[in-house]
Amino acid sequence: MLSVERLVKRRGSREILTDVTFRAAPGRVTGLLGPNGAGKSSTLRILLGLDRADAGTALVDGQPYRRLRQPLRTVGSMLEGSGAHRSRTARNHLTWMARSNGIPIRRVAEVLDQVGLGAAGGTRVGRFSLGMCQRLGLAAALLGEPRALVLDEPVNGLDPEGIRWIRVLLRGHADAGGTVLLSSHLMREVDEIADDLVVIAHGRVVAAGPIREVTAGYPTLEDAFFALTGPTAGGR
Ligand SMILES: Nc1ncnc2c1ncn2[C@@H]1O[C@H](COP(=O)(O)OP(=O)(O)OP(=O)(O)O)[C@@H](O)[C@H]1O
């Protein structure tokens, strides 16, 4: 379970997150949806212990990320880019991650195969396409066989086959009892992947719940999105 409670974040004099509250439950894919600059990445960075909140809590299985004893085995994450150095091969990068986190080295080959990079393990990351970098980022997230996955814009850079592949992978993870939280500004992708939706605009949650409930009363998710995230949404 991932739970975010009354999160507040300020940057200078601006409040970029205001009372952000939501949960991502096991067995469900939760989509954090909002336009550019809404506060999605800022929320996920706090949840993953990369930034501190000015108020509120963000917990993974009841603990702040920084207190997790085995973080990569508890929550796998993918933020912007793969995080791998360009001169490293995909296999080296994952092996280094596995070693420094007490994860069996056999997992490296397993996740490379799982994300379709089995033949590219020896290639330097600098030569990877954007889609390959996304796949490597996902391999890193899956390395510790975590129950929860937190993914920032995971479909960016993927072609239609890649998008279908990631949808099947995330569905399988949730169906096996895992928790999936992903952010996106792409409505169609979220509509096809998510069970639950958290819509964020101007740093505030403007709607949350099962996707059909959030979109009830609107002809399409797109209509719901623009009504919820437009200039008057989020209390501004
Ligand atoms: N390090 C920072 N310093 C100052 N302002 C920041 C910083 N990081 C984010 N912001 C601001 O906080 C707001 C929320 O940004 P954030 O990246 O969380 O949005 P987002 O919903 O992830 O957007 P996108 O879809 O464009 O990635 C934006 O107005 C952004 O300019």
Side-chain angles (χ1 to χ4, degrees), residues 2-24 29-60 64-66 75-83 130-131 133-134 136-138 140-141 148-158 162-163 166-167 170 179-194 196-209 211 214-215 221-222 224-236:
L2 305 170
S3 55
V4 169
E5 191 87 27
R6 307 208 67 169
L7 220 52
V8 174
K9 178 73 184 168
R10 294 185 200 97
R11 294 272 185 204
S13 60
R14 274 182 66 214
E15 193 162 278
I16 60 164
L17 298 177
T18 304
D19 282 343
V20 170
T21 299
F22 66 87
R23 285 184 176 191
V29 177
T30 302
L32 183 59
L33 182 66
N36 291 132
K40 304 180 294 293
S41 302
S42 302
T43 303
L44 299 187
R45 288 181 63 80
I46 293 170
L47 184 60
L48 296 168
L50 296 167
D51 275 331
R52 284 185 192 278
D54 290 296
T57 53
L59 304 177
V60 178
Y65 185 92
R66 288 169 199 233
V75 54
S77 63
M78 180 172 84
L79 297 180
E80 213 181 322
S82 69
L130 185 55
C133 284
Q134 290 290 80
L136 178 57
L138 206 58
L149 291 174
V150 173
L151 311 170
D152 199 6
E153 305 272 1
V155 301
N156 264 7
L158 292 179
I163 292 174
I166 203 167
R167 193 187 306 147
L170 298 182
T179 305
V180 180
L181 174 63
L182 61 93
S183 78
S184 183
H185 58 274
L186 301 171
M187 287 163 280
R188 192 176 304 159
E189 269 69 44
V190 172
D191 199 18
E192 287 176 4
I193 287 183
D196 296 326
L197 207 56
V198 178
V199 185
I200 184 165
H202 312 297
R204 292 169 190 261
V205 173
V206 292
I211 198 159
V214 172
T215 57
L221 174 60
E222 190 173 41
F225 180 81
F226 286 118
L228 292 164
T229 65
T232 56
R236 304 200 177 176

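Just follow the structure's listing: the first ligand is 1, and inside any ligand the first atom is 1. Each residue takes its place number in the sequence, starting with 1.
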For a 4.5 angstrom cut-off between non-hydrogen side-chain atoms, does E15 reach V8? yes
How far is atom 29 (O) of ligand 1 from its nearest protein heavy atom, and which residue and atom is that? R14 NH2, 2.9 Å
Do any N/O atoms on G34 end up under 3.5 angstrom from N/O atoms on ligand 1? no
Quick one: do T215 and M187 satisfy side chain to side chain contact (heavy atoms under 4.5 Å, CB included)? Show the steps, please. CA-CA 12 Å; T215 57; M187 287 163 280; over 6 Å; no
Going by the 4.0 angstrom heavy-atom rule, the piece of P35 near ligand 1 is backbone
Which bit of R11 is near ligand 1, meaning a heavy atom under 4.0 Å away: side chain, backbone, both or neither? side chain
With side chains defined as the heavy atoms from C-beta onward, is the minimum distance between I193 and V180 less than 4.5 Å? no
Number the atoms of ligand 1 from 1 as they appear, then name those within less than 4.0 Å of a heavy atom of E153, with their elements. 25 (O)
Which atoms of ligand 1 are found less than 4.0 Å from any heavy atom of I16? 12 (O), 13 (C)
Name the one of L32, I166, V29, T30 that satisfies side-chain contact (heavy atoms from CB on, under 4.5 Å) with L182? V29
From the candidates S184, G39, S41, S183, the one that places a heavy atom nearest atom 27 (O) of ligand 1: S41
Which one of I46, V20, T18, T43 satisfies the side-chain contact (heavy atoms from CB on, under 4.5 Å) criterion with K9? I46
Side chain, backbone, both or neither: the part of N36 lying under 4.0 Å from ligand 1 by heavy atom: both
Please say whether more than 12 non-hydrogen atoms of neighbouring residues, nucleotides or ligands are located less than 6.0 Å from CZ in R23. no
Specify the protein heavy atom at minimum distance from atom 9 (C) of ligand 1: its residue, its atom name, and the distance to 0.1 Å. S42 OG, 4.1 Å
Side chains of R11 and D51 in contact at under 4.5 Å (non-hydrogen atoms): yes
Among all the protein's non-hydrogen atoms, which is closest to atom 14 (C) of ligand 1, and how far away is it? G37 O, 3.3 Å
Begin with the C-alpha distance, continue with both residues' side-chain angles, and end with the deciding distance and a verdict on side chain to side chain contact (heavy atoms under 4.5 Å, CB included) for I211 and D191. CA-CA 8 Å; I211 198 159; D191 199 18; 3.7 Å; yes
Atom 25 (O) of ligand 1: which protein heavy atom is closest, and how many Å away? K40 NZ, 2.8 Å
